[in-house]
Participant: 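First, the structure itself, so that you have it in front of you.
None of these values were measured; they are calculated from a predicted model. Sequence lines set the chain letters: A, B, ... in the order given, protein chains first and strands last, and positions in each chain run from 1.
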There are 2 protein chains.
Amino acid sequence: MAMHLTEEKALRLWRDVSLAMVRDDDPDLSARQMAILLSVYLDPPPHTVRGLAAKLGVTKPVITRALNAMGRHKLLARRRDPDDRRNVLIQRTLEGALYLDRLANMIRQAAENEGKAP
Amino acid sequence: MAMHLTEEKALRLWRDVSLAMVRDDDPDLSARQMAILLSVYLDPPPHTVRGLAAKLGVTKPVITRALNAMGRHKLLARRRDPDDRRNVLIQRTLEGALYLDRLANMIRQAAENEGKAP
DNA sequence: GCTGTTCATTACGCTTCCGTTTCATTCAAG
DNA sequence: CTTGAATGAAACGGAAGCGTAATGAACAGC
């Protein structure tokens, strides 16, 4: 079942979620951090710095810094690949899963609201 | 007609659009900038610095700086309120409308894709 | 007219992020 | 072994964001 969105509803959805993210106290994730976090949680592993850099179209230090920042908040974890110790495997955490649960609920709630007549 | 989204579809929608925003060459807007831009375009005018600060729950300098940044890209424009010249009225621009058109299309396209079976 | 209030902006010190460049470690090929 | 390639991280200077506090301009009340 495909979802159909008018332009206005699409933008209202985005605005509602953006507003909710700004309003709550959690530090806002940048667009890049959000893309990394969601890719790690939604795409099948393994996830490496190089692979994420290629997927996002950015340089590797961007990924390293984003992992540092999100690692401080425990949204993601790093682990050396035992088979090739040059690689770093990016892994999910409980805190990251809970964060995305809250994000998903914000999106779903906004989608429900936009469905109603304004 | 309310939209119903599973948690997974909601997050995939957000990931697809975040990835598209990161990948394209336009400078990424922060969550705050995005919330301001969408509020100005979706909510009825007039829009003032103070009003936007209250709506987002941030301080006024945050709004001023965001307006400077988005003004450089011509996504928004400032104009003195002729009736009360202390006020600054934030106004839409052609470039901003085009930017949001593209954003809306990214959201709609992602929503269509998530509707399909993975 | 003054005085005090209300706007928005600027100034300040601090933190974070950026891209480029270098570095350290690990693997692979000979 | 030794050499070369590949991976991720660190170093660097510069740009942009933050919150608090001060500044400038415009209004309102007396």
Participant: What's the spacing between B/N113 CG and B/R12 CZ if we round to 0.5 Å?
Facilitator: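 Taking CG in B/N113 and CZ in B/R12, the distance rounds to 11.0 Å.
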Participant: Just how far, in rounded Å, is P of C/dC18 from CD1 of A/I63?
Facilitator: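 Rounded to whole Å, this separation is 9 Å.
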Participant: Below 4.5 Å, heavy atoms only, C-beta onward: do B/Q33 and B/H73 meet side chain to side chain?
Facilitator: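 Side-chain contact under 4.5 Å: no.
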Participant: Taking only side-chain N and O atoms of B/T64, does any of them lie within less than 4.0 angstrom of OP1 or OP2 on C/dA8?
Facilitator: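 Result: no.
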Participant: Does B/V58 reach a base, just sugar-phosphate, or nothing at all? Heavy atoms under 4.0 Å.
Facilitator: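 No contact at all - B/V58 keeps every heavy atom at 4.0 Å or more from the nucleic acid.
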Participant: When we call it a touch if two heavy atoms are under 4.0 Å apart, what does A/S30 touch: a base, just sugar-phosphate, or nothing?
Facilitator: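 No contact at all - A/S30 keeps every heavy atom at 4.0 Å or more from the nucleic acid.
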Participant: If you find the nucleotide of DNA chain C closest to B/N87 and the one closest to A/A66, which residue's nucleotide is nearer the 5' end?
Facilitator: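 Here B/N87 is the residue nearer the 5' end.
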Participant: I want to verify a distance call: between D/dG8, C/dT20, D/dG19, whose nearest atom is closest to the A/V49 side chain?
Facilitator: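 Nucleotide nearest to A/V49's side chain: D/dG8.
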Participant: Report yes if at least one side-chain N or O of A/R32 is closer than 4.0 Å to OP1 or OP2 of C/dC18; otherwise report no.
Facilitator: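 For C/dC18, OP1/OP2 do have a side-chain N/O of A/R32 under 4.0 Å.
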Participant: What is the distance, rounded to the nearest whole Å, between atom CG of A/D81 and atom C1' of C/dT25?
Facilitator: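 Rounded to the whole Å, the gap is 14 Å.
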Participant: I want to confirm an ordering. Mapping B/P61 and A/R85 to their closest nucleotides on DNA chain C, which one lands closer to the 5' end?
Facilitator: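 Closer to the 5' end of DNA chain C: B/P61.
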Participant: Please round to the nearest 0.5 Å and tell me the distance separating atom CD1 of B/I36 and atom CG of B/L67.
Facilitator: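 These two atoms lie 6.0 Å from each other.
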Participant: If I take atom CZ in residue A/R80 and atom P in nucleotide D/dA9, what distance separates them, rounded to the nearest angstrom?
Facilitator: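 Roughly 6 Å, once rounded to whole Å.
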Participant: Between the base of C/dG19 and the side chain of A/R65, is there a donor-acceptor distance below 3.5 Å?
Facilitator: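 In this structure, the two groups form a donor-acceptor pair.
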Participant: Rounded to whole angstroms, how far apart are CZ on A/R86 and C1' on C/dC27?
Facilitator: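 Taking CZ of A/R86 and C1' of C/dC27, I get 4 Å after rounding.
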Participant: In whole angstroms, how far is the C1' atom of C/dT10 from the CG atom of B/L67?
Facilitator: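 To the nearest whole Å, that distance equals 15 Å.
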Participant: Tell me, do A/T48 and A/L89 make a side-chain contact under 4.5 Å, heavy atoms counted?
Facilitator: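 Yes. Closest side-chain heavy atoms under 4.5 Å.
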Participant: Quick check for you: among D/dG19, D/dG17, C/dT25, whose closest atom lies nearest to any side-chain atom of B/Q33?
Facilitator: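 Nucleotide nearest to B/Q33's side chain: D/dG17.
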Participant: How many Å lie between CD1 on A/I36 and C1' on C/dC18, as a whole number?
Facilitator: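 My rounded result for the distance is 13 Å.
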Participant: As a test of reading the structure: which of D/dG8, C/dC18, D/dA6 is closest to the side chain of A/V88, going by heavy atoms?
Facilitator: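 So the nucleotide nearest the side chain must be D/dG8.
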Participant: Nearest heavy atom decides the nucleotide; on that basis, is A/D84 or A/N68 closer to the 5' end of DNA chain D?
Facilitator: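 Here A/D84 is the residue nearer the 5' end.
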Participant: For the pair made of CG in B/L89 and P in C/dA8, what is the distance, rounded to whole Å?
Facilitator: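 That distance rounds to 9 Å.
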Participant: Rounded to the nearest angstrom, tell me the gap between atom CZ in A/R50 and atom C1' in D/dG8.
Facilitator: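 Atom CZ in A/R50 sits about 11 Å away from atom C1' in D/dG8.
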Participant: With the side chain counted from C-beta on, respond yes when B/K55 and A/L19 share a heavy-atom pair under 4.5 Å apart, and no when they do not.
Facilitator: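 A side-chain contact under 4.5 Å exists here.
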